[in-house]
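Everything on this sheet refers to the single structure shown next.
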Amino acid sequence: MSRKHSKRNLTIAALAVLCIAVFTAAFAGNAVNSAVSRVFNSVGNTAADGFDTSKDFVKIMDVGQGDGILIYSNGCSAVIDAGLASKANDICLDLDGVGIKDIDAFIITHLHADHAAGLPRIAERYKIDNLILPETEENAEAAEAVNTAKQLVASQKGNVYTAVQGMNFEIGEFEITILAYYDEMSGENNKSIITMAEIGGLKFLFTGDAESEAERALLDEGLNVDCDVLKVGHHGSNSSSVKAFLKAASPEFAAISVGKDNMYSHPSKKVTDALNSCGAEIFRTDLDGDIVFYVENGKIKPETER
């Protein structure tokens, strides 16, 4: 572990004890209480569009060139990223399709428009109990959208938190942990909040747009990135998914959230070749539409829209 990261961890450890304690107490008061009533109303039911809400799942929503991820269990929900403003209604339709009335936790990985600009529309439509954000720099691309959403969440008595490494909470049967947040790095992508969701020993890793610098920092810190499902970083750009990181993650399934015929030529063939080499089965929203990973009997069963 490098001297820089060792010093950083000591600082975070000192802050995290207080921040996580406050976060956990406040989160529990909102998410658990609201979840209890919905557990009895939702488990075993089927939502309006035929979506089986009796199952735990992670859904990579097809939001074009952006990210939007839904984690659902026992009537509880978490969302990671909000896509472009033009895709907010698509995300709302997905949430409505599962019968969601309010969102227990919403994480914005970083302040690029394709991950955060849809947040105000979603915050208008649903009560967000707990909003978890990176530091909001006023010159960031999606700063205005995020500030608007923060005001909406606060006006509905929701909680707003700045991410701290080690934050941990439950969404139904999922345990969700902020694995890393490198706020000192240059460039918005490498400041992405990196999250692990675990259920019954199965792990889902979400890295936002983290690039090689952040991926190597994860490895340098000795953090466990082994996972069953990897939401591939930065839409499959060759700036992410370095071989050492993919080897350590060793996912069985890889999901790439990417727009059809996008101008960036995402995903990179170099990345898809590397994923194939590590044995991952690849799914892409541009080809497969929505990608759902159901958790059943200790196994992950992927289904796609197309």
Side-chain angles (χ1 to χ4, degrees), residues 43 46-47 49-81 83 87 90-91 93-95 97-100 107 109 171-176 194-208 225-236 240-241 245-260 266-269 271-306:
V43 172
T46 300
D49 67 347
F51 210 93
D52 187 353
T53 57
S54 69
K55 298 176 182 178
D56 304 316
F57 64 84
V58 172
K59 183 175 187 179
I60 312 299
M61 296 178 279
D62 180 11
V63 295
Q65 189 69 14
D67 271 16
I69 300 155
L70 171 63
I71 300 171
Y72 182 93
S73 175
N74 289 351
C76 305
S77 60
V79 179
I80 301 177
D81 284 335
K87 295 296 181 178
D90 292 344
I91 291 176
L93 287 173
D94 278 327
L95 300 181
V98 190
I100 289 173
I107 300 171
T109 60
I171 294 295
E173 298 300 317
F174 283 97
E175 181 179 7
I176 298 179
I194 297 169
T195 307
M196 183 77 82
E198 184 172 359
I199 180 170
L202 301 171
K203 296 181 178 181
F204 297 75
L205 180 60
F206 311 99
T207 64
V225 297
D226 180 66
C227 61
D228 298 279
V229 178
L230 172 67
K231 200 294 296 181
V232 177
H234 200 192
H235 319 291
S240 306
S241 303
F245 173 76
L246 293 181
K247 182 179 179 180
S250 62
E252 180 180 0
F253 305 107
I256 304 175
S257 186
V258 62
K260 185 177 181 180
H266 293 161
S268 162
K269 186 176 184 301
V271 169
T272 55
D273 286 348
L275 288 166
N276 282 321
S277 294
C278 71
E281 183 177 358
I282 301 171
F283 298 91
R284 298 168 42 167
T285 57
D286 61 333
L287 303 178
D288 300 310
D290 293 336
I291 306 160
V292 184
F293 296 99
Y294 288 105
V295 179
E296 299 181 66
N297 302 318
K299 295 183 179 180
I300 295 172
K301 297 184 178 181
E303 291 187 10
T304 63
E305 183 180 12
R306 302 185 191 122

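Keep in mind it's a predicted model, so treat the numbers as computed, not measured.
Asp226 and Lys203 are not joined by a salt bridge, as no carboxylate oxygen comes within less than 4.0 angstrom of a charged side-chain nitrogen.
One distance of note links CG of Leu230 with CG of Leu205; it measures 5.5 Å at 0.5 Å rounding. To the nearest 0.5 Å, atoms OG1 (Thr304) and CG (Asp290) are separated by 9.5 Å. We find the CD-CD1 distance between Glu281 and Ile300 to be 11.5 Å, quoted to the nearest 0.5 Å. Remark: His235 NE2 to Arg284 CZ distance equals 13.5 Å, nearest 0.5 Å. In this structure, CD1 in Ile256 is found 12.5 Å from NE2 in His234, a value given to the nearest 0.5 Å. Atom OG1 of Thr285 sits about 11.5 Å away from atom NZ of Lys260, to the nearest 0.5 Å.
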inquiry  = Apply side-chain contact (heavy atoms from CB on, under 4.5 Å) to residues Ile100 and Leu70 and explain how you reach the verdict.
reply    = CA-CA 11 Å; Ile100 289 173; Leu70 171 63; 3.8 Å; yes
message = Run the side-chain contact (heavy atoms from CB on, under 4.5 Å) test on Lys59 and Ile69 for me, step by step, so that the C-alpha distance in whole Å, both residues' side-chain angles and the decisive distance to 0.1 Å come before the verdict.
response = CA-CA 6 Å; Lys59 183 175 187 179; Ile69 300 155; over 6 Å; no
Steps toward side-chain contact (heavy atoms from CB on, under 4.5 Å) verdict (Glu296, Lys55) = CA-CA 7 Å; Glu296 299 181 66; Lys55 298 176 182 178; 3.7 Å; yes
inquiry  = Apply side-chain contact (heavy atoms from CB on, under 4.5 Å) to residues Thr195 and Ile176 and explain how you reach the verdict.
reply    = CA-CA 7 Å; Thr195 307; Ile176 298 179; 3.5 Å; yes
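Between Val229 and Val58 the shortest side-chain heavy-atom distance does not fall below 4.5 Å. Looking at Pro267 and Val232, their side chains never come closer than 4.5 Å, going by heavy atoms from C-beta outward. With contacts defined as side-chain heavy-atom distances shorter than 4.5 Å, the pair Arg306/Asp62 qualifies. Residues Val79 and Ile71 fail the side-chain proximity criterion, which asks for heavy atoms closer than 4.5 Å. Phe174 is not listed as a side-chain neighbour of Tyr72, based on a closest heavy-atom distance of 4.5 Å or more. Between Phe283 and Pro302 there is a side-chain heavy-atom pair separated by less than 4.5 Å. Residues Cys278 and Pro251 meet the side-chain proximity criterion, which asks for heavy atoms closer than 4.5 Å. Counting heavy atoms from C-beta outward, Asp81 and Ile107 have side chains that stay 4.5 Å or more apart.
Residues Asp56 and Ser73 bring a donor and an acceptor atom of their side chains to less than 3.5 Å of each other.
For Leu246 against Ser241, the heavy-atom pair with the smallest separation is CD1-O, 3.6 Å. Closest non-hydrogen pair, Lys231 versus Phe206, comes out as CB-CD2, 3.7 Å. Annotation for Ser257 and Gly66: closest pair OG-O, 2.6 Å, computed over non-hydrogen atoms. Of all heavy-atom pairs spanning Ala254 and Leu275, the tightest one is CB-CD2, 3.9 Å. Between Thr207 and Gly233, the shortest heavy-atom distance links the atoms OG1-CA, 3.3 Å. Shown here for Ala78 and Ile171, the closest heavy-atom pair between the two residues is CB-CG1, 3.8 Å.
Remark: side-chain polar atoms of Glu305 are not paired, donor with acceptor, to backbone N or O of Gly289 under 3.5 angstrom. Formation of a donor-acceptor pair under 3.5 Å by the His266 side chain with backbone atoms of Gly236 is not found in this model.
Scanning for side chain to side chain donor-acceptor pair (under 3.5 Å) contacts around Lys269 gives Asp273, with sequence neighbours left out.
Relative ring orientation between Phe57 and Tyr294 is described as perpendicular, the plane-to-plane angle rising above 60° on a 0-90° scale split at 30° and 60°.
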